[in-house]
Amino acid sequence: MSSALSNTKAALRALCALLFLGLGLTAAPAQDAASGQTEPLTIASRAGRHAFAVEVMRTDADRSRGLMYRRTMAPDHGMLFDFQAAAPVAMWMKNTYLPLDMVFIRADGTIARIATDTEPLSTKVIPSGEAVLSVLELNAGTTARLGIHAGDRVEHPLFRKPKS
């Protein structure tokens, strides 16, 4: 009888170890997905030059996911949505826990509009107001704190240089 009890305890320990291992394996990809590769981006404003490390969302699946379910983002980080063609766009905050500043950017890299301090978890549509090539999402308050305004220029390989 004690041998059967010993075998049962050993089996339970092995099962618990597998469960912990399984939880660790499933948690790792989610953590990796929450902080993907970044590229440098600079905003040249009247107040100065501001450098950010941005994740660039280039596919429909990436753009659909965006910053959903994330709880934090470093102050000097952001997410750049590449829509691959200039057109009016609309964003929303469904499943997004972070309040954000949304910077709507024309194909030439100039900022068309900024939607500040967007409401987390909202399905309210936030329109670009005109044709834009991309949207840069930053932590709420970043644009006000750094003096970034419509008309300022975003520097990243995605944007073509203005003709001289």
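The basis for the numbers below is simple: all heavy atoms, side chains too, and nothing from hydrogens, waters or symmetry mates.
Taking the charged nitrogens against the carboxylate oxygens, Arg46 and Asp152 do have a contact shorter than 4.0 Å, which makes a salt bridge. Here Arg70 does not pair with Glu137 in a salt bridge; the nearest charged N to carboxylate O distance is not below 4.0 Å. Taking a cutoff of 4.0 Å between a charged side-chain nitrogen and a carboxylate oxygen, Glu155 and Arg160 do not qualify as a salt bridge.
Here Thr116 contributes atom OG1 and Ile114 contributes atom CD1; the two are 8.0 Å apart, rounded to the nearest 0.5 Å. Here the OG atom belonging to Ser45 is positioned 13.0 Å from the CZ atom belonging to Arg153, to the nearest 0.5 angstrom. Note that CG of Leu41 is 9.0 Å distant from CG of Leu158, once rounded to the nearest 0.5 Å. Distance CE/Met73 to CG/Leu138: 6.0 Å, rounded to 0.5 Å. Here the CG-CG distance, from Asp117 to Leu100, works out to 9.0 Å after rounding to the nearest 0.5 Å. With values rounded to the nearest 0.5 angstrom, Thr118 atom OG1 is found 9.0 Å from Met91 atom CE.
Shown here for Gly147 and Ala47, the closest heavy-atom pair between the two residues is O-CB, 4.1 Å. Residues Met102 and Met93 approach most closely at CE-SD, 3.5 Å, considering heavy atoms. What you find for Arg49 and Thr42 is that their closest heavy atoms are NH2-CG2, 3.5 Å. Nearest heavy atoms, Lys124 versus Ser122: N-OG, 2.9 Å. Considering all non-hydrogen atoms of both residues, Leu133 and Ala85 come closest at CD1-N, 3.5 Å. The shortest non-hydrogen separation linking Ala131 to Ala86 is CB-C, 4.1 Å.
Side-chain atoms of Ser128 do not come within 3.5 Å of backbone N or O of Phe104 as any donor-acceptor pair. Between the Asn139 side chain and the Ala74 main chain, a donor and an acceptor come within less than 3.5 Å of each other.
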- Any chance you could lay out the side-chain contact (heavy atoms from CB on, under 4.5 Å) test for Arg113 and Ile126, step after step, and finish with the verdict? CA-CA 11 Å; Arg113 169 178 189 268; Ile126 304 163; 3.9 Å; yes
- Message: Pair Val89, Phe81 - check side-chain contact (heavy atoms from CB on, under 4.5 Å), show working.
- Response: CA-CA 11 Å; Val89 300; Phe81 292 78; over 6 Å; no
- Task: Walk me through it: do Thr38 and Val54 pass the test side-chain contact (heavy atoms from CB on, under 4.5 Å)?
- Result: CA-CA 5 Å; Thr38 61; Val54 297; 5.9 Å; no
- Item | Phe159 vs Asp108, side-chain contact (heavy atoms from CB on, under 4.5 Å): CA-CA, chis, key distance, verdict | CA-CA 5 Å; Phe159 308 108; Asp108 68 358; over 6 Å; no
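Screening residues 77-102 for side chain to side chain donor-acceptor pair (under 3.5 Å), with sequence neighbours left out, gives Tyr69-Asn95, Asp101-Thr143.
Side-chain contact check for Leu80 versus Glu55: every heavy-atom pair is 4.5 Å or farther apart.
Hydrophobic clustering (ILVMFWY, side-chain heavy atoms < 4.5 Å, transitive): Leu67 and Val56 are in distinct clusters. When the side chains of ILVMFWY residues are joined at heavy-atom separations under 4.5 Å, either directly or via intervening members, Val103 and Met79 end up in two distinct hydrophobic clusters. Note on Leu121: it does not cluster hydrophobically with Leu98, by side-chain heavy-atom contacts below 4.5 Å among ILVMFWY residues.
Inspection of the Asp62 and Thr59 side chains reveals an N or O donor paired with an N or O acceptor under 3.5 Å.
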